[in-house]
Amino acid sequence: MEQSVQKELADKLTELIFRFYSACQRHPTTVQGPKIHSHGFHVLYLLERSHEKKLSMSFLLIELQMTKQQMSKIINELEDFAFIERVRAGDDRRNVFVRLTEKGSAYFRSNAQAVSAAIEAALQKQSAERTDTVRDLLYRLMQD
């Protein structure tokens, strides 16, 4: 595939992601709940996907490529909403973990369902053939 075609596809997929993100900001499920920064949502995503629903602050700093001050602000916001809690590791008080609360998990899942509903509504407007093509492409992209 030509590089210009790949660039065009990448631009279109990016636009699609931003459209769904914008639509989800207005979705009834997300309008009712508290609004959090996209980085905060990323933290919830990482915690939801982690094995123990717990990650170290140092891992989050590296993963999100933020300063300690920026991360602290996001963590404080999520903590104020009771979506997460800080946990000290043993005797070393410098080693701080962040754990997802049930409220935070429910908030994340609710928003994920809103995204899924918006995508499903868009796909319902497409033919079965187009939907099959999108499905095949997504499975291939997710394997790479």
Side-chain angles (χ1 to χ4, degrees), residues 1 3 5-90 92-128 130-144:
M1 185 182 297
Q3 188 174 358
V5 173
Q6 291 172 343
K7 172 76 171 118
E8 180 184 357
L9 284 173
D11 289 346
K12 293 293 183 189
L13 280 171
T14 301
E15 175 63 24
L16 184 66
I17 290 166
F18 288 138
R19 275 191 199 178
F20 283 121
Y21 178 79
S22 182
C24 287
Q25 295 301 307
R26 298 182 307 275
H27 192 277
T29 302
T30 56
V31 169
Q32 295 171 5
K35 292 291 184 194
I36 62 172
H37 191 278
S38 59
H39 289 331
F41 193 77
H42 193 174
V43 168
L44 294 180
Y45 168 79
L46 292 170
L47 287 167
E48 182 70 27
R49 298 297 187 245
S50 72
H51 178 65
E52 296 179 10
K53 309 284 188 221
K54 179 175 81 170
L55 295 169
S56 71
M57 286 287 283
S58 57
F59 172 83
L60 292 172
L61 282 168
I62 293 167
E63 186 70 20
L64 296 171
Q65 299 185 11
M66 302 182 134
T67 65
K68 287 182 181 181
Q69 293 83 2
Q70 291 169 320
M71 180 60 69
S72 186
K73 183 177 177 182
I74 289 169
I75 296 302
N76 287 341
E77 177 184 65
L78 293 173
E79 205 170 28
D80 289 346
F81 289 130
F83 291 163
I84 62 161
E85 58 188 6
R86 294 176 209 233
V87 179
R88 303 273 181 208
D92 188 357
R93 296 193 48 81
R94 295 172 296 170
N95 201 3
V96 179
F97 287 84
V98 178
R99 182 182 354 212
L100 186 65
T101 64
E102 184 53 43
K103 183 178 179 182
S105 182
Y107 177 83
F108 174 82
R109 288 191 315 266
S110 174
N111 279 273
Q113 288 171 353
V115 171
S116 182
I119 293 170
E120 184 179 0
L123 288 172
Q124 287 175 350
K125 297 174 187 175
Q126 304 301 314
S127 68
R130 282 187 174 178
T131 303
D132 287 343
T133 301
V134 170
R135 184 189 66 234
D136 292 344
L137 176 61
L138 287 175
Y139 279 116
R140 287 182 188 153
L141 288 173
M142 296 298 287
Q143 289 176 355
D144 290 345

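If you read the sequence from its start, that first residue is 1, and numbering goes on from there.
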Problem set entry | Between CZ on residue R86 and CE on residue M57, distance to nearest 0.5 Å | 5.5 Å
Exercise. Between Q126 and V134, does a side-chain contact (heavy atoms from CB on, under 4.5 Å) hold up when you go through it step by step?
Worked result: CA-CA 10 Å; Q126 304 301 314; V134 170; over 6 Å; no
Exercise. Within a strict 4.5 Å, meaning less than it, do heavy atoms of the L44 and I84 side chains meet?
Worked result: yes
Problem set entry | Distance in Å, L123 CG paired with R130 CZ, rounded so as to fall on 0.5 Å steps | 11.5 Å
Exercise. Is the backbone N or O of Q69 less than 3.5 Å from a side-chain atom of S72, with the two atoms forming a donor-acceptor pair by type?
Worked result: no
Problem set entry | N-O pairing of D11 and K7 below 4.0 Å | yes
Exercise. For the atom pair OG1 (T131) and CG (D136), what is the distance rounded to the nearest 0.5 Å?
Worked result: 11.0 Å
Exercise. Which of these passes side-chain contact (heavy atoms from CB on, under 4.5 Å) with H39: M71, M66, K73?
Worked result: M66
Exercise. Crowded around E15 CD? As in, over 12 foreign heavy atoms under 6.0 Å?
Worked result: yes
Seminar exercise, completed: Nearest heavy-atom approach of V98 to L47 is O-CD2, 3.3 Å
Problem set entry | Audit row: L78, I74, side-chain contact (heavy atoms from CB on, under 4.5 Å) steps and yes/no | CA-CA 6 Å; L78 293 173; I74 289 169; 4.1 Å; yes
Problem set entry | L137 side, atom CG; L13 side, atom CG - distance, nearest 0.5 Å | 7.0 Å
For this session: Look at the side chain of S110 and the backbone N and O of A106, then say whether any donor-acceptor pair between them is shorter than 3.5 Å.
Result: no
For this session: With sequence neighbours excluded, give me every side-chain hydrogen bond (donor to acceptor under 3.5 Å, both in side chains) pair touching residues 96-106.
Result: E48-S105, E85-R99, E102-R109, S105-R109
For this session: Could you tell me whether the side chain of R49 reaches within less than 4.5 Å of the side chain of L55, counting heavy atoms only?
Result: no
Exercise. After noting the C-alpha distance and the side-chain angles of R88 and V96, does the key distance pass the side-chain contact (heavy atoms from CB on, under 4.5 Å) rule?
Worked result: CA-CA 5 Å; R88 303 273 181 208; V96 179; 2.6 Å; yes
Exercise. What class does the angle between the rings of F83 and Y107 fall in, given that below 30° is parallel, 30 to 60° is tilted and above 60° is perpendicular?
Worked result: parallel
Exercise. When rounded to the nearest 0.5 angstrom, what is the spacing between OG in S56 and CD1 in I62?
Worked result: 7.5 Å
For this session: Tell me, with the steps shown, if H42 and I36 meet side-chain contact (heavy atoms from CB on, under 4.5 Å).
Result: CA-CA 10 Å; H42 193 174; I36 62 172; over 6 Å; no
